J.: 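Next up is a structure, given as structure tokens.
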There are 2 protein chains.
Amino acid sequence: MKTMTKGISQSTQDYLKNIYELTEQGASASTNDLATRLGIAPASVTGMVQKLASATPPLVDYRKHQGATLTKEGQRAALEIIRHHRLLETWLVQTLGFSWDEVHEEACRLEHVISEDFETRMAAALGHPTRDPHGELIPGADLQMPDDDSTPLSSLRPPQDATIIRVNAIDPALLRHLDELGLIPGADLSISAHSPFDGNISIKVDDREFVVGPAISNNIFVEIGG
Amino acid sequence: MKTMTKGISQSTQDYLKNIYELTEQGASASTNDLATRLGIAPASVTGMVQKLASATPPLVDYRKHQGATLTKEGQRAALEIIRHHRLLETWLVQTLGFSWDEVHEEACRLEHVISEDFETRMAAALGHPTRDPHGELIPGADLQMPDDDSTPLSSLRPPQDATIIRVNAIDPALLRHLDELGLIPGADLSISAHSPFDGNISIKVDDREFVVGPAISNNIFVEIGG
DNA sequence: AATAATATTTAGGTATGCCTAAATATTCTA
DNA sequence: TAGAATATTTAGGCATACCTAAATATTATT
Ligand SMILES: [Mn+2]
Ligand SMILES: [Mn+2]
Ligand SMILES: [Mn+2]
Ligand SMILES: [Mn+2]
């Protein structure tokens, strides 16, 4: 049993998903960054990326020392997996009571083995959600990724108000910390201070006030205006 | 953290599960029967069974030309997967509206990748069921397989009455056929005739009467007395 | 612009789990 | 009970996806 979706191996799916995420901001995905994210030696990544580039059809564009980007085919496959992942996270939270720090790892294993029928039923049961428990956008059944018009929390200045839309994190410890602070999607907040050199900002949420550094605020995305 | 239960690969899990099922009636699992069930060449099965026998700890007992049986360790691993499989089937039917002919294949893929936490939550959400949608017994969290005291439908004679407990089938077409006939767990039936040479029996279910041959009746298990 | 630091690729291996063909053992049949 | 049929094992390969060490290319520093 090969555990593959359309002849694309689980391993390949992980490469494509990570290349998608690394190239979302424009640049191409470097060997090293991929190696770090995948927990694989850089040399192995080179080999794999070369293979993906010479597959038929090619799944990535690749030139030596230039990193990889997805072809149309590769992007389709990546979005397919990302849709699975995010629907699964949503579903695990809603139907089995997982918390948002527990679902990532589980979804990472399940995303490769569910059928299209499973995906369809899950989406319908959830009411065709557009965001997962972290606020990440879920590609549609047509594999179009919706636009994200959110702003990094780190770019806000007092006395702006905002609502949290999305939290870009997978580390369970960080997610639990954010949960304790009330920094979760849907939370309304206001900025009460900003320190210029360290980038810290003071935030008021749920009548509590505290300071967060850029390591946190760069990964929280908001809609401005409370 | 890999996709494995105690470092046991997906492939190994499938071998153990199938050896369990083949040895349930007492005999050891032959290379050929395993090959057929796994869809793998007999030569490959030999190699794999040899490896499982010399693993530490050994997962199967094996002597040349004598087939394989499970060690305690192997049985534990098999029951773990079977529990996953049957809970998943139950869950897919109850929460996503899959029909009983669609769940086997899906469960076969999911059974290897869900966490113990997932298993625990699923069992609780379902109310700790003891049988899956086909009536197959679900091993407990302690990995004990409950006793099955059901009788093959083929052994009944007119004018006995019985209730269907369990249907031992995975072929979707057969399962749909049985569903149409009303031969599903919980159905009350009575035997109206038996033909001695072909083993056919006439059954009345839901005010409908029809004849089934041994290919079907050998795989339906009942509790005698309507 | 040369050198140092970093990133990437190449080369040579390994483990898993499968395959086919050929050899051998077991079981059936006459 | 010998030969035929069937079942099983051995031998030799292959694909996937990883690894480490060494070579090379790129980028940053002086
Ligand atoms: Mn899909
Ligand atoms: Mn998420
Ligand atoms: Mn388990
Ligand atoms: Mn079942």
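Quick caveat: nothing in here was measured; it's all calculated off a predicted structure. So that the names make sense, note that chain A is the first sequence line, chain B the second, and so on, each numbered from 1.
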J.: Give the rounded distance in Å between these two atoms: CE of B:M48 and P of C:dA15.
T.: 15 Å
J.: What do you reckon, are the aromatic ring centroids of B:F118 and B:W91 less than 6.0 Å apart?
T.: yes
J.: Any pair with a residue in residues 46-63 of chain B that passes side chain to side chain donor-acceptor pair (under 3.5 Å), sequence neighbours left out, goes on the list, sorted by first then second residue, please.
T.: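 The answer is none; no pair qualifies.
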J.: Looking at CD1 of A:I81 and CZ of A:R83, how far apart are the two atoms once the value is rounded to the nearest 0.5 Å?
T.: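 The CD1 atom of A:I81 sits 12.0 Å away from the CZ atom of A:R83.
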J.: Name all pairs fulfilling the salt bridge (Lys or Arg N to Asp or Glu O under 4.0 Å) condition that reach into residues 89-103 of chain A, sequence neighbours left out, sorted by first residue then second.
T.: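 Applying salt bridge (Lys or Arg N to Asp or Glu O under 4.0 Å) to every pair that reaches into residues 89-103 of chain A, excluding sequence neighbours, yields A:D101-A:R176, A:E102-B:R121.
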J.: Do any side-chain nitrogens or oxygens of B:Y15 fall under 4.0 Å of OP1 or OP2 in C:dT16?
T.: no
J.: Round to a whole Å and report the spacing from CD of A:Q50 to C1' of C:dA11.
T.: 12 Å
J.: Please report the distance, rounded to the nearest Å, between CZ in B:R63 and P in D:dT9.
T.: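 Rounding to the nearest Å, CZ of B:R63 and P of D:dT9 are 12 Å apart.
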J.: C:dG17 phosphate, OP1 or OP2: any side-chain N/O from B:S9 under 4.0 angstrom?
T.: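 Indeed, a polar side-chain atom of B:S9 lies that close.
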J.: Could you tell me the separation between the CD atom of A:Q66 and the C1' atom of C:dT9, rounded to a whole number of Å?
T.: 13 Å
J.: Using a cut-off of strictly less than 4.0 Å, decide whether B:S11 has a side-chain nitrogen or oxygen near OP1 or OP2 of C:dC18.
T.: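 Indeed, a polar side-chain atom of B:S11 lies that close.
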J.: Check nucleotides 19-21 of chain D for protein N or O atoms closer than 3.5 Å to its own N or O atoms and list the pairs.
T.:
unit_1 : atom_1 : unit_2 : atom_2 : d
D:dC19 : OP2    : A:A41  : N      : 2.9
D:dC19 : OP2    : A:S44  : OG     : 2.7

J.: Rounded to whole angstrom units, what separation is found between the CD atom of B:Q13 and the P atom of C:dT16?
T.: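 Those two atoms, CD and P, are 15 Å apart.
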J.: Mind checking if B:T46 touches a base, just sugar-phosphate, or nothing, with heavy atoms under 4.0 Å?
T.: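 Base contact.
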J.: Distance check needed: C:dT16 P versus A:Q10 CD, whole Å only.
T.: 18 Å
J.: Is any side-chain N or O of A:T31 closer than 4.0 Å to OP1 or OP2 of C:dT9?
T.: yes
J.: So, does A:K64 get its side chain near the phosphate of D:dT24, meaning an N or O under 4.0 Å from OP1 or OP2?
T.: no
J.: For the pair made of NE2 in A:H65 and P in D:dA25, what is the distance, rounded to whole Å?
T.: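 Atom-to-atom, A:H65 to D:dA25, this comes out as 7 Å.
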J.: Send over the distance from A:K51 NZ to D:dA15 P, rounded to a whole Å.
T.: 11 Å
J.: Assess the side chains of A:H85 and A:D132: does a donor N or O sit below 3.5 Å from an acceptor N or O?
T.: no
J.: Please check the phosphate of D:dT9 (OP1 and OP2 only) for any side-chain N or O of B:Y62 closer than 4.0 Å.
T.: yes
J.: Assign the ring pair B:H134 / B:W100 to parallel, tilted or perpendicular, where the plane angle (0 to 90°) is split at 30° and 60°.
T.: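 Correct class here is parallel.
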J.: Would you say the side chain of B:H84 lies within less than 4.5 Å of the side chain of B:M122, judging by non-hydrogen atoms?
T.: no
J.: Is the phosphate of D:dT6, meaning OP1 or OP2, less than 4.0 Å from a side-chain N or O of B:N32?
T.: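 No, no such contact exists.
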